[in-house]
Number of protein chains: 2
Amino acid sequence: MSKKAALFDDDRAGAIYRTAAKMIYEKGFDATSMNEIAEAVQLTKPGLYYYVKGKKELLFSIMSFAMDLLDAEVVAVAKEQSDALERLRAIVRCHAWLLTQATGAIAILIDETRGLSDEQRVRITERKRAYIDFIRETLDRLRAEGRMRPVDTTTATFSLLGQIMWLARWFQEAGRMSREQVVDDVAEIALGGVLTDEAQAGAPSSAALPEAIPA
Amino acid sequence: MSKKAALFDDDRAGAIYRTAAKMIYEKGFDATSMNEIAEAVQLTKPGLYYYVKGKKELLFSIMSFAMDLLDAEVVAVAKEQSDALERLRAIVRCHAWLLTQATGAIAILIDETRGLSDEQRVRITERKRAYIDFIRETLDRLRAEGRMRPVDTTTATFSLLGQIMWLARWFQEAGRMSREQVVDDVAEIALGGVLTDEAQAGAPSSAALPEAIPA
DNA sequence: CGGAGATTACCTACCGGTCGGTAAAGTGTG
DNA sequence: CACACTTTACCGACCGGTAGGTAATCTCCG
(Lines give C-alpha, C1' and ligand atoms only; values in the text may rest on other atoms or scores of the structure.)
Protein backbone atom coordinates (compact mmCIF):
# COMPACT_ATOMS: atom_id res chain seq x y z
CA MET A 1 0.00 0.00 0.00
CA SER A 2 2.16 2.85 -1.12
CA LYS A 3 0.77 6.30 -0.53
CA LYS A 4 0.64 6.90 -4.25
CA ALA A 5 -1.34 3.77 -4.98
CA ALA A 6 -3.81 4.67 -2.27
CA LEU A 7 -4.44 8.14 -3.64
CA PHE A 8 -7.48 7.11 -5.57
CA ASP A 9 -8.82 4.70 -2.97
CA ASP A 10 -8.85 6.58 0.33
CA ASP A 11 -12.16 8.14 1.28
CA ARG A 12 -11.50 11.85 1.22
CA ALA A 13 -8.34 12.14 -0.81
CA GLY A 14 -9.70 9.63 -3.25
CA ALA A 15 -12.88 11.63 -3.68
CA ILE A 16 -10.82 14.74 -4.35
CA TYR A 17 -8.73 13.11 -7.04
CA ARG A 18 -11.64 11.38 -8.70
CA THR A 19 -13.80 14.49 -8.64
CA ALA A 20 -11.02 16.71 -9.89
CA ALA A 21 -10.21 14.27 -12.67
CA LYS A 22 -13.80 14.26 -13.82
CA MET A 23 -14.11 18.03 -13.69
CA ILE A 24 -10.85 18.60 -15.52
CA TYR A 25 -11.87 16.05 -18.10
CA GLU A 26 -15.18 17.80 -18.66
CA LYS A 27 -14.26 21.47 -18.40
CA GLY A 28 -10.54 21.58 -19.07
CA PHE A 29 -7.73 22.24 -16.64
CA ASP A 30 -7.57 26.01 -16.85
CA ALA A 31 -11.33 26.39 -16.60
CA THR A 32 -11.49 24.31 -13.44
CA SER A 33 -10.65 26.41 -10.39
CA MET A 34 -9.45 25.07 -7.07
CA ASN A 35 -12.49 26.71 -5.52
CA GLU A 36 -14.84 24.71 -7.70
CA ILE A 37 -13.02 21.49 -6.95
CA ALA A 38 -13.19 22.28 -3.25
CA GLU A 39 -16.92 22.97 -3.42
CA ALA A 40 -17.53 19.78 -5.36
CA VAL A 41 -16.07 17.77 -2.48
CA GLN A 42 -17.78 19.87 0.21
CA LEU A 43 -14.69 21.72 1.33
CA THR A 44 -13.36 25.24 1.33
CA LYS A 45 -10.28 26.03 -0.68
CA PRO A 46 -7.86 25.87 2.26
CA GLY A 47 -9.51 22.62 3.24
CA LEU A 48 -8.65 21.31 -0.19
CA TYR A 49 -5.11 22.57 0.18
CA TYR A 50 -4.78 20.47 3.28
CA TYR A 51 -4.84 17.45 0.96
CA VAL A 52 -3.09 18.69 -2.15
CA LYS A 53 0.06 20.74 -2.48
CA GLY A 54 -1.06 22.77 -5.46
CA LYS A 55 -2.97 22.72 -8.69
CA LYS A 56 -0.06 21.45 -10.76
CA GLU A 57 0.63 18.62 -8.35
CA LEU A 58 -3.02 17.70 -8.47
CA LEU A 59 -2.94 17.45 -12.24
CA PHE A 60 0.33 15.58 -12.16
CA SER A 61 -1.05 13.03 -9.71
CA ILE A 62 -4.09 12.47 -11.88
CA MET A 63 -2.01 12.07 -15.00
CA SER A 64 0.34 9.69 -13.24
CA PHE A 65 -2.63 7.65 -12.14
CA ALA A 66 -3.91 7.65 -15.72
CA MET A 67 -0.56 6.31 -16.88
CA ASP A 68 -0.66 3.67 -14.15
CA LEU A 69 -4.04 2.62 -15.48
CA LEU A 70 -2.70 2.43 -19.00
CA ASP A 71 0.25 0.33 -17.93
CA ALA A 72 -1.87 -2.04 -15.87
CA GLU A 73 -4.88 -2.39 -18.12
CA VAL A 74 -3.27 -2.24 -21.52
CA VAL A 75 0.47 -2.82 -21.56
CA ALA A 76 0.52 -5.57 -18.95
CA VAL A 77 -2.38 -7.39 -20.59
CA ALA A 78 -0.93 -7.05 -24.07
CA LYS A 79 2.40 -8.46 -22.95
CA GLU A 80 0.67 -11.72 -22.14
CA GLN A 81 0.33 -12.23 -25.87
CA SER A 82 3.53 -13.32 -27.51
CA ASP A 83 2.27 -13.29 -31.06
CA ALA A 84 2.75 -9.80 -32.48
CA LEU A 85 -0.66 -9.65 -34.10
CA GLU A 86 -2.48 -10.82 -30.99
CA ARG A 87 -0.46 -8.37 -28.94
CA LEU A 88 -1.45 -5.49 -31.19
CA ARG A 89 -5.04 -6.59 -31.04
CA ALA A 90 -4.88 -6.63 -27.26
CA ILE A 91 -3.38 -3.13 -27.19
CA VAL A 92 -6.12 -1.69 -29.34
CA ARG A 93 -8.94 -3.52 -27.61
CA CYS A 94 -7.80 -2.89 -24.05
CA HIS A 95 -6.99 0.74 -24.66
CA ALA A 96 -10.32 1.30 -26.38
CA TRP A 97 -12.07 -0.56 -23.58
CA LEU A 98 -10.37 1.62 -21.01
CA LEU A 99 -11.28 4.87 -22.72
CA THR A 100 -14.93 3.95 -23.09
CA GLN A 101 -15.15 3.18 -19.40
CA ALA A 102 -16.52 6.06 -17.34
CA THR A 103 -13.82 5.69 -14.72
CA GLY A 104 -11.09 5.12 -17.25
CA ALA A 105 -11.86 7.97 -19.55
CA ILE A 106 -9.60 10.14 -17.48
CA ALA A 107 -6.80 8.32 -19.26
CA ILE A 108 -7.20 10.88 -22.00
CA LEU A 109 -6.05 13.51 -19.55
CA ILE A 110 -2.49 12.48 -20.28
CA ASP A 111 -2.75 15.00 -23.08
CA GLU A 112 -3.41 17.98 -20.79
CA THR A 113 0.32 18.52 -20.40
CA ARG A 114 0.23 22.28 -20.66
CA GLY A 115 -0.76 22.79 -17.05
CA LEU A 116 2.31 20.94 -15.78
CA SER A 117 5.65 22.26 -14.67
CA ASP A 118 8.57 21.55 -16.97
CA GLU A 119 9.88 18.74 -14.83
CA GLN A 120 6.46 17.15 -14.44
CA ARG A 121 5.84 17.40 -18.16
CA VAL A 122 9.10 15.68 -18.91
CA ARG A 123 8.20 12.78 -16.65
CA ILE A 124 4.77 12.31 -18.20
CA THR A 125 6.09 12.69 -21.71
CA GLU A 126 8.67 10.03 -20.93
CA ARG A 127 5.99 7.55 -19.92
CA LYS A 128 3.92 8.39 -22.96
CA ARG A 129 6.94 7.81 -25.17
CA ALA A 130 7.48 4.42 -23.58
CA TYR A 131 3.93 3.46 -24.45
CA ILE A 132 4.27 4.70 -28.00
CA ASP A 133 7.51 2.75 -28.33
CA PHE A 134 5.71 -0.35 -27.12
CA ILE A 135 3.22 -0.03 -29.95
CA ARG A 136 5.93 0.78 -32.45
CA GLU A 137 7.96 -2.27 -31.48
CA THR A 138 4.93 -4.47 -31.90
CA LEU A 139 4.41 -3.04 -35.37
CA ASP A 140 8.09 -3.55 -36.15
CA ARG A 141 7.70 -7.22 -35.37
CA LEU A 142 4.68 -7.45 -37.64
CA ARG A 143 6.66 -5.73 -40.31
CA ALA A 144 9.50 -8.22 -39.94
CA GLU A 145 6.99 -11.03 -40.28
CA GLY A 146 5.66 -9.52 -43.49
CA ARG A 147 2.24 -8.96 -42.01
CA MET A 148 2.20 -5.19 -42.22
CA ARG A 149 1.22 -2.84 -44.98
CA PRO A 150 4.09 -0.97 -46.63
CA VAL A 151 3.57 2.19 -44.59
CA ASP A 152 5.79 4.02 -42.15
CA THR A 153 5.73 2.49 -38.69
CA THR A 154 5.55 5.78 -36.84
CA THR A 155 2.66 6.95 -38.97
CA ALA A 156 0.90 3.66 -38.36
CA THR A 157 1.47 3.98 -34.61
CA PHE A 158 -0.11 7.41 -34.44
CA SER A 159 -2.94 6.41 -36.73
CA LEU A 160 -3.81 3.65 -34.29
CA LEU A 161 -3.50 5.98 -31.34
CA GLY A 162 -5.59 8.65 -33.01
CA GLN A 163 -8.47 6.28 -33.57
CA ILE A 164 -8.34 5.07 -30.00
CA MET A 165 -7.92 8.45 -28.33
CA TRP A 166 -10.69 9.96 -30.41
CA LEU A 167 -13.07 7.40 -28.95
CA ALA A 168 -13.18 9.33 -25.71
CA ARG A 169 -14.47 12.36 -27.60
CA TRP A 170 -17.43 10.81 -29.30
CA PHE A 171 -18.44 7.61 -27.58
CA GLN A 172 -21.41 7.91 -25.25
CA GLU A 173 -22.24 5.24 -22.76
CA ALA A 174 -25.97 5.80 -23.25
CA GLY A 175 -25.76 5.78 -27.02
CA ARG A 176 -27.02 3.40 -29.68
CA MET A 177 -24.02 1.09 -29.49
CA SER A 178 -22.60 -0.84 -26.58
CA ARG A 179 -19.01 -0.55 -25.52
CA GLU A 180 -18.38 -4.08 -26.71
CA GLN A 181 -19.71 -3.34 -30.18
CA VAL A 182 -17.69 -0.18 -30.53
CA VAL A 183 -14.51 -1.78 -29.27
CA ASP A 184 -14.99 -4.66 -31.69
CA ASP A 185 -15.46 -2.35 -34.63
CA VAL A 186 -12.64 -0.01 -33.74
CA ALA A 187 -10.31 -2.97 -33.35
CA GLU A 188 -11.31 -4.34 -36.73
CA ILE A 189 -10.86 -0.97 -38.43
CA ALA A 190 -7.60 -0.22 -36.68
CA LEU A 191 -6.03 -3.59 -37.39
CA GLY A 192 -7.41 -3.61 -40.91
CA GLY A 193 -5.62 -0.36 -41.54
CA VAL A 194 -2.14 -1.54 -40.67
CA LEU A 195 -2.18 -5.23 -41.58
CA THR A 196 -1.84 -6.90 -44.94
CA ASP A 197 -4.89 -8.69 -46.27
CA GLU A 198 -3.27 -12.06 -45.68
CA ALA A 199 -2.47 -11.28 -42.06
CA GLN A 200 -6.09 -10.39 -41.40
CA ALA A 201 -7.50 -13.42 -43.13
CA GLY A 202 -7.08 -16.20 -40.61
CA ALA A 203 -7.10 -14.30 -37.33
CA PRO A 204 -9.03 -15.26 -34.21
CA SER A 205 -11.26 -12.29 -33.62
CA SER A 206 -11.76 -12.03 -29.89
CA ALA A 207 -9.11 -11.37 -27.31
CA ALA A 208 -9.58 -11.02 -23.60
CA LEU A 209 -10.97 -7.77 -22.27
CA PRO A 210 -10.00 -6.98 -18.71
CA GLU A 211 -12.59 -6.62 -16.03
CA ALA A 212 -13.34 -3.20 -14.60
CA ILE A 213 -10.53 -1.74 -12.54
CA PRO A 214 -10.47 -3.05 -8.97
CA ALA A 215 -12.04 -0.83 -6.35
CA MET B 1 -15.42 41.47 -50.72
CA SER B 2 -17.57 40.69 -47.77
CA LYS B 3 -16.34 41.82 -44.41
CA LYS B 4 -16.21 38.27 -43.14
CA ALA B 5 -14.20 36.99 -46.05
CA ALA B 6 -11.73 39.82 -45.64
CA LEU B 7 -11.11 39.11 -41.99
CA PHE B 8 -8.03 37.07 -42.62
CA ASP B 9 -6.78 39.17 -45.51
CA ASP B 10 -6.90 42.76 -44.34
CA ASP B 11 -3.66 44.07 -42.97
CA ARG B 12 -4.36 44.83 -39.34
CA ALA B 13 -7.44 42.79 -38.63
CA GLY B 14 -5.96 39.92 -40.58
CA ALA B 15 -2.79 40.02 -38.53
CA ILE B 16 -4.84 39.95 -35.35
CA TYR B 17 -6.84 36.92 -36.38
CA ARG B 18 -3.87 35.04 -37.75
CA THR B 19 -1.72 35.78 -34.72
CA ALA B 20 -4.48 34.94 -32.28
CA ALA B 21 -5.21 31.69 -34.08
CA LYS B 22 -1.59 30.66 -33.87
CA MET B 23 -1.29 31.57 -30.21
CA ILE B 24 -4.50 29.82 -29.25
CA TYR B 25 -3.41 26.78 -31.21
CA GLU B 26 -0.08 26.68 -29.40
CA LYS B 27 -1.04 27.65 -25.87
CA GLY B 28 -4.74 26.93 -25.62
CA PHE B 29 -7.61 29.39 -25.46
CA ASP B 30 -7.75 29.97 -21.71
CA ALA B 31 -4.02 30.38 -21.41
CA THR B 32 -3.92 33.03 -24.12
CA SER B 33 -4.83 36.43 -22.71
CA MET B 34 -6.11 39.37 -24.67
CA ASN B 35 -3.13 41.32 -23.39
CA GLU B 36 -0.71 38.84 -24.93
CA ILE B 37 -2.56 38.87 -28.23
CA ALA B 38 -2.50 42.68 -28.23
CA GLU B 39 1.24 42.74 -27.54
CA ALA B 40 1.89 40.21 -30.27
CA VAL B 41 0.34 42.54 -32.83
CA GLN B 42 1.97 45.67 -31.39
CA LEU B 43 -1.14 47.06 -29.79
CA THR B 44 -2.43 47.84 -26.36
CA LYS B 45 -5.42 45.93 -25.10
CA PRO B 46 -7.99 48.65 -25.87
CA GLY B 47 -6.38 48.98 -29.27
CA LEU B 48 -7.14 45.33 -29.84
CA TYR B 49 -10.69 45.84 -28.60
CA TYR B 50 -11.18 48.43 -31.29
CA TYR B 51 -10.98 45.59 -33.80
CA VAL B 52 -12.62 42.72 -31.94
CA LYS B 53 -15.74 42.73 -29.84
CA GLY B 54 -14.55 40.26 -27.25
CA LYS B 55 -12.58 37.14 -26.64
CA LYS B 56 -15.44 34.80 -27.46
CA GLU B 57 -16.16 36.56 -30.73
CA LEU B 58 -12.48 36.32 -31.58
CA LEU B 59 -12.49 32.57 -31.03
CA PHE B 60 -15.75 32.20 -32.89
CA SER B 61 -14.40 34.09 -35.91
CA ILE B 62 -11.31 31.91 -35.97
CA MET B 63 -13.31 28.73 -35.71
CA SER B 64 -15.68 29.89 -38.42
CA PHE B 65 -12.70 30.59 -40.60
CA ALA B 66 -11.36 27.13 -39.85
CA MET B 67 -14.68 25.64 -40.93
CA ASP B 68 -14.59 27.77 -44.09
CA LEU B 69 -11.17 26.29 -44.78
CA LEU B 70 -12.46 22.78 -44.24
CA ASP B 71 -15.41 23.34 -46.57
CA ALA B 72 -13.28 24.88 -49.27
CA GLU B 73 -10.24 22.64 -49.11
CA VAL B 74 -11.82 19.32 -48.26
CA VAL B 75 -15.55 19.12 -48.87
CA ALA B 76 -15.58 21.09 -52.11
CA VAL B 77 -12.65 19.14 -53.52
CA ALA B 78 -14.08 15.79 -52.46
CA LYS B 79 -17.40 16.54 -54.10
CA GLU B 80 -15.63 16.66 -57.45
CA GLN B 81 -15.26 12.91 -57.16
CA SER B 82 -18.45 11.05 -57.93
CA ASP B 83 -17.13 7.58 -57.10
CA ALA B 84 -17.64 6.95 -53.41
CA LEU B 85 -14.21 5.43 -52.87
CA GLU B 86 -12.44 8.24 -54.67
CA ARG B 87 -14.49 10.75 -52.72
CA LEU B 88 -13.51 9.17 -49.44
CA ARG B 89 -9.90 9.12 -50.49
CA ALA B 90 -10.12 12.81 -51.35
CA ILE B 91 -11.64 13.60 -47.97
CA VAL B 92 -8.90 11.84 -46.08
CA ARG B 93 -6.07 13.18 -48.19
CA CYS B 94 -7.28 16.78 -48.35
CA HIS B 95 -8.10 16.94 -44.66
CA ALA B 96 -4.76 15.42 -43.75
CA TRP B 97 -3.00 17.77 -46.13
CA LEU B 98 -4.76 20.74 -44.58
CA LEU B 99 -3.88 19.76 -41.03
CA THR B 100 -0.21 19.25 -41.81
CA GLN B 101 -0.04 22.69 -43.38
CA ALA B 102 1.28 25.34 -41.01
CA THR B 103 -1.45 27.79 -41.96
CA GLY B 104 -4.16 25.19 -41.99
CA ALA B 105 -3.36 23.55 -38.70
CA ILE B 106 -5.68 26.01 -37.03
CA ALA B 107 -8.41 23.85 -38.45
CA ILE B 108 -8.00 21.72 -35.36
CA LEU B 109 -9.23 24.68 -33.32
CA ILE B 110 -12.75 23.68 -34.20
CA ASP B 111 -12.47 21.46 -31.15
CA GLU B 112 -11.87 24.34 -28.73
CA THR B 113 -15.60 24.78 -28.30
CA ARG B 114 -15.50 25.29 -24.56
CA GLY B 115 -14.59 28.95 -24.83
CA LEU B 116 -17.69 29.75 -26.89
CA SER B 117 -21.06 31.04 -25.83
CA ASP B 118 -23.93 28.60 -26.07
CA GLU B 119 -25.28 30.09 -29.26
CA GLN B 120 -21.87 30.19 -30.89
CA ARG B 121 -21.16 26.63 -29.88
CA VAL B 122 -24.40 25.47 -31.42
CA ARG B 123 -23.51 27.11 -34.71
CA ILE B 124 -20.05 25.56 -34.85
CA THR B 125 -21.33 22.17 -33.76
CA GLU B 126 -23.90 22.36 -36.52
CA ARG B 127 -21.21 22.87 -39.14
CA LYS B 128 -19.10 20.09 -37.67
CA ARG B 129 -22.07 17.77 -37.77
CA ALA B 130 -22.62 18.60 -41.43
CA TYR B 131 -19.03 17.60 -42.17
CA ILE B 132 -19.36 14.38 -40.21
CA ASP B 133 -22.57 13.61 -42.07
CA PHE B 134 -20.77 14.17 -45.33
CA ILE B 135 -18.25 11.48 -44.41
CA ARG B 136 -20.93 9.18 -43.12
CA GLU B 137 -22.95 9.47 -46.32
CA THR B 138 -19.89 8.63 -48.34
CA LEU B 139 -19.36 5.54 -46.22
CA ASP B 140 -23.02 4.63 -46.59
CA ARG B 141 -22.58 4.64 -50.32
CA LEU B 142 -19.56 2.39 -50.07
CA ARG B 143 -21.55 0.11 -47.82
CA ALA B 144 -24.35 -0.05 -50.37
CA GLU B 145 -21.81 -0.97 -53.02
CA GLY B 146 -20.48 -3.78 -50.84
CA ARG B 147 -17.08 -2.20 -50.57
CA MET B 148 -17.08 -1.59 -46.84
CA ARG B 149 -16.09 -3.80 -43.95
CA PRO B 150 -18.95 -5.06 -41.80
CA VAL B 151 -18.50 -2.38 -39.16
CA ASP B 152 -20.75 0.38 -37.90
CA THR B 153 -20.70 3.44 -40.13
CA THR B 154 -20.58 5.93 -37.29
CA THR B 155 -17.69 4.12 -35.68
CA ALA B 156 -15.90 4.05 -39.01
CA THR B 157 -16.50 7.78 -39.49
CA PHE B 158 -14.97 8.69 -36.18
CA SER B 159 -12.10 6.27 -36.64
CA LEU B 160 -11.23 8.07 -39.84
CA LEU B 161 -11.60 11.45 -38.20
CA GLY B 162 -9.51 10.41 -35.23
CA GLN B 163 -6.61 9.40 -37.39
CA ILE B 164 -6.76 12.63 -39.32
CA MET B 165 -7.23 14.96 -36.38
CA TRP B 166 -4.46 13.27 -34.44
CA LEU B 167 -2.07 14.21 -37.22
CA ALA B 168 -2.01 17.78 -36.02
CA ARG B 169 -0.74 16.57 -32.66
CA TRP B 170 2.27 14.63 -33.78
CA PHE B 171 3.29 15.64 -37.26
CA GLN B 172 6.23 17.99 -37.42
CA GLU B 173 7.07 19.89 -40.56
CA ALA B 174 10.79 19.57 -39.85
CA GLY B 175 10.62 15.88 -39.11
CA ARG B 176 11.94 12.80 -40.85
CA MET B 177 8.97 12.45 -43.16
CA SER B 178 7.55 14.87 -45.68
CA ARG B 179 3.93 15.93 -45.65
CA GLU B 180 3.39 14.01 -48.87
CA GLN B 181 4.72 10.78 -47.38
CA VAL B 182 2.66 11.10 -44.24
CA VAL B 183 -0.52 11.96 -46.10
CA ASP B 184 0.02 8.99 -48.42
CA ASP B 185 0.50 6.60 -45.54
CA VAL B 186 -2.37 7.93 -43.46
CA ALA B 187 -4.66 7.67 -46.45
CA GLU B 188 -3.63 4.07 -47.06
CA ILE B 189 -4.10 3.11 -43.43
CA ALA B 190 -7.38 4.95 -43.09
CA LEU B 191 -8.91 3.53 -46.24
CA GLY B 192 -7.51 0.09 -45.51
CA GLY B 193 -9.31 0.16 -42.22
CA VAL B 194 -12.79 0.72 -43.57
CA LEU B 195 -12.71 -0.95 -46.99
CA THR B 196 -13.02 -4.59 -47.86
CA ASP B 197 -9.96 -6.27 -49.29
CA GLU B 198 -11.57 -6.44 -52.71
CA ALA B 199 -12.39 -2.75 -52.74
CA GLN B 200 -8.79 -1.91 -51.96
CA ALA B 201 -7.40 -4.27 -54.59
CA GLY B 202 -8.79 -2.35 -57.51
CA ALA B 203 -7.89 1.09 -56.22
CA PRO B 204 -6.90 3.28 -59.17
CA SER B 205 -5.30 6.44 -57.86
CA SER B 206 -3.20 4.81 -55.18
CA ALA B 207 0.27 3.78 -56.29
CA ALA B 208 -0.07 0.29 -57.68
CA LEU B 209 0.68 -2.03 -54.84
CA PRO B 210 1.95 -5.40 -55.85
CA GLU B 211 0.29 -8.18 -53.93
CA ALA B 212 2.44 -9.28 -51.06
CA ILE B 213 4.09 -12.60 -51.73
CA PRO B 214 1.86 -15.31 -50.26
CA ALA B 215 3.44 -17.42 -47.59
C1' DC C 1 -8.55 5.85 34.30
C1' DG C 2 -7.34 11.05 33.82
C1' DG C 3 -5.44 14.60 31.70
C1' DA C 4 -1.64 17.05 28.99
C1' DG C 5 0.08 17.51 24.66
C1' DA C 6 0.48 16.35 19.90
C1' DT C 7 -1.92 15.52 15.56
C1' DT C 8 -5.72 15.64 12.21
C1' DA C 9 -8.91 18.13 9.70
C1' DC C 10 -10.64 21.71 8.71
C1' DC C 11 -12.23 27.00 8.97
C1' DT C 12 -12.37 32.58 8.21
C1' DA C 13 -10.07 36.11 6.27
C1' DC C 14 -7.04 37.71 3.24
C1' DC C 15 -2.83 38.23 -0.02
C1' DG C 16 -0.77 39.85 -4.59
C1' DG C 17 -1.75 39.31 -9.15
C1' DT C 18 -4.22 38.72 -13.59
C1' DC C 19 -8.30 38.29 -16.07
C1' DG C 20 -11.77 40.34 -19.70
C1' DG C 21 -13.45 44.58 -20.54
C1' DT C 22 -14.27 49.87 -20.67
C1' DA C 23 -14.49 55.12 -20.24
C1' DA C 24 -12.47 58.91 -21.84
C1' DA C 25 -8.86 61.58 -23.50
C1' DG C 26 -5.66 62.26 -27.04
C1' DT C 27 -3.41 61.95 -31.95
C1' DG C 28 -2.58 62.16 -36.51
C1' DT C 29 -4.51 62.63 -41.22
C1' DG C 30 -8.00 63.84 -44.74
C1' DC D 1 -13.02 70.39 -38.00
C1' DA D 2 -14.12 65.25 -38.36
C1' DC D 3 -13.09 60.86 -37.75
C1' DA D 4 -10.41 56.61 -37.70
C1' DC D 5 -7.43 54.99 -34.59
C1' DT D 6 -4.59 54.45 -30.25
C1' DT D 7 -3.54 55.66 -25.81
C1' DT D 8 -3.62 56.07 -20.32
C1' DA D 9 -5.98 54.82 -16.50
C1' DC D 10 -8.94 52.05 -14.43
C1' DC D 11 -12.93 48.73 -13.20
C1' DG D 12 -14.93 44.37 -10.60
C1' DA D 13 -14.33 39.55 -10.50
C1' DC D 14 -11.73 35.87 -9.87
C1' DC D 15 -7.36 33.36 -9.73
C1' DG D 16 -3.88 30.18 -6.97
C1' DG D 17 -2.26 30.22 -2.62
C1' DT D 18 -1.52 31.24 2.54
C1' DA D 19 -1.52 32.99 7.54
C1' DG D 20 -3.38 31.90 11.55
C1' DG D 21 -6.82 30.03 14.38
C1' DT D 22 -9.86 26.07 16.19
C1' DA D 23 -12.71 21.96 17.27
C1' DA D 24 -12.23 17.21 17.57
C1' DT D 25 -9.51 13.19 18.15
C1' DC D 26 -5.74 10.41 19.19
C1' DT D 27 -1.43 9.18 22.15
C1' DC D 28 0.79 8.26 26.07
C1' DC D 29 2.51 8.99 30.78
C1' DG D 30 1.33 8.63 35.62
Side-chain angles (χ1 to χ4, degrees), chain A residues 1 3 6-24 26-63 109 112-121, chain B residues 1 3 6-7 9-63 109 112-121:
Chain A
M1 327 248 170
K3 189 175 182 182
L7 277 185
F8 282 75
D9 299 326
D10 176 68
D11 266 356
R12 205 64 189 253
I16 289 173
Y17 283 89
R18 268 180 276 113
T19 305
K22 194 182 168 194
M23 294 177 72
I24 293 172
E26 286 168 357
K27 305 182 30 174
F29 179 69
D30 288 330
T32 307
S33 75
M34 292 301 267
N35 237 325
E36 289 172 318
I37 295 172
E39 274 176 29
V41 291
Q42 315 264 70
L43 244 62
T44 56
K45 194 167 27 154
L48 172 61
Y49 270 87
Y50 174 76
Y51 292 96
V52 303
K53 273 194 290 187
K55 204 186 183 190
K56 286 177 182 180
E57 280 74 16
L58 176 58
L59 178 62
F60 180 69
S61 294
I62 292 171
M63 287 178 54
L109 285 187
E112 275 267 14
T113 47
R114 280 195 284 247
L116 260 34
S117 73
D118 287 352
E119 195 238 341
Q120 290 168 335
R121 185 167 39 248
Chain B
M1 275 268 207
K3 191 175 182 183
L7 277 185
D9 300 326
D10 177 67
D11 260 353
R12 204 66 187 255
I16 290 173
Y17 283 89
R18 268 180 275 113
T19 305
K22 194 181 168 193
M23 293 176 75
I24 292 172
Y25 171 57
E26 286 167 357
K27 305 182 28 175
F29 180 67
D30 289 330
T32 306
S33 75
M34 293 300 267
N35 238 323
E36 289 172 320
I37 295 173
E39 274 176 29
V41 291
Q42 316 266 71
L43 241 61
T44 56
K45 194 169 24 154
L48 172 61
Y49 270 88
Y50 175 76
Y51 291 96
V52 303
K53 273 195 289 188
K55 204 188 183 188
K56 286 177 180 178
E57 280 73 17
L58 177 58
L59 178 62
F60 180 69
S61 294
I62 292 170
M63 286 177 55
L109 286 188
E112 276 267 16
T113 48
R114 279 192 287 247
L116 261 33
S117 73
D118 287 351
E119 194 240 341
Q120 290 168 337
R121 185 168 38 251

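Residue numbers start from 1 in every chain, and the chains themselves are labelled A, B, ... in the order their sequence lines are given, proteins ahead of strands.
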Review point. With sequence neighbours excluded, what pairs up with Glu112(A) under the side chain to side chain donor-acceptor pair (under 3.5 Å) test?
Key: none
Exercise for review: Five pairs at each end of the helix from dC1(C)-dG30(D) to dG30(C)-dC1(D): take the axis at both ends and give me the angle between them to 10°.
Suggested key: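 The two end axes of the helix from dC1(C)-dG30(D) to dG30(C)-dC1(D) meet at 10°.
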Review point. Taking protein heavy atoms under 4.0 Å as touching, what does nucleotides 19-24 of chain D look like 5' to 3' if B marks base contact, S marks sugar-phosphate-only contact and - marks none?
Key: B-----
Check your understanding: Is Lys55(A) positioned over the aromatic face of Phe29(A), cation under 6.0 angstrom from the ring centre and no more than 45 degrees off axis?
Key -> yes
Which heavy atom of [X] sits nearest to which heavy atom of [Y], and what is that distance?
X         : Y         : answer
Ser61(B)  : Tyr17(B)  : CB-CE2, 3.2 Å
Arg121(B) : Thr113(B) : NH1-O, 3.2 Å
Ile16(A)  : Leu48(A)  : CG2-CD1, 3.7 Å
Ala21(B)  : Leu109(B) : O-CD1, 3.8 Å
Leu58(B)  : Ala20(B)  : CD2-CB, 4.0 Å
Thr32(B)  : Ile37(B)  : CG2-CG1, 3.7 Å

Determine whether [X] and [Y] make a side-chain contact, defined as any pair of heavy atoms from C-beta on separated by less than 4.5 Å.
X         : Y        : answer
Met34(B)  : Val52(B) : yes
Gln120(B) : Leu59(B) : no
Leu43(B)  : Tyr50(B) : no

Point to revise | Spacing of Lys53(A) atom NZ relative to dG16(D) atom C1', expressed in whole Å | key: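 Interatomic distance, NZ of Lys53(A) to C1' of dG16(D): 16 Å.
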Review point. In whole angstrom, what separates Tyr49(A)'s OH from dC15(D)'s P?
Key: 11 Å
Exercise for review: Walk along DNA chain C from 5' to 3' and tell me the first and last nucleotide with an atom closer than 4.0 Å to a non-hydrogen atom of chain A.
Suggested key: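 First and last nucleotides in contact are dT8(C) to dA13(C).
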Check your understanding: Under a 4.0 Å heavy-atom cut-off, which of residues 35-45 of chain A touch DNA chain C?
Key ->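 Residues of residues 35-45 of chain A under 4.0 Å from DNA chain C: Leu43(A), Thr44(A).
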Practice item. Please name all residues satisfying salt bridge (charged side-chain N to carboxylate O under 4.0 Å, His left out) with Arg114(A), sequence neighbours left out, ordered by chain then number. Key: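 Partners of Arg114(A) by the salt bridge (charged side-chain N to carboxylate O under 4.0 Å, His left out) criterion come out as none, since no residue qualifies.
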Review point. When Glu36(A) is tested against each of Lys22(A), Lys45(A), Lys27(A) for salt bridge (Lys or Arg N to Asp or Glu O under 4.0 Å), which residue passes?
Key: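 So, applying the salt bridge (Lys or Arg N to Asp or Glu O under 4.0 Å) to Glu36(A) and each of Lys22(A), Lys45(A), Lys27(A), only Lys27(A) qualifies.
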Exercise for review: Look at Arg12(B) and dC5(D) and indicate whether a side-chain polar atom (N or O) is within less than 4.0 Å of OP1 or OP2.
Suggested key: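 Negative; the distance criterion is not met.
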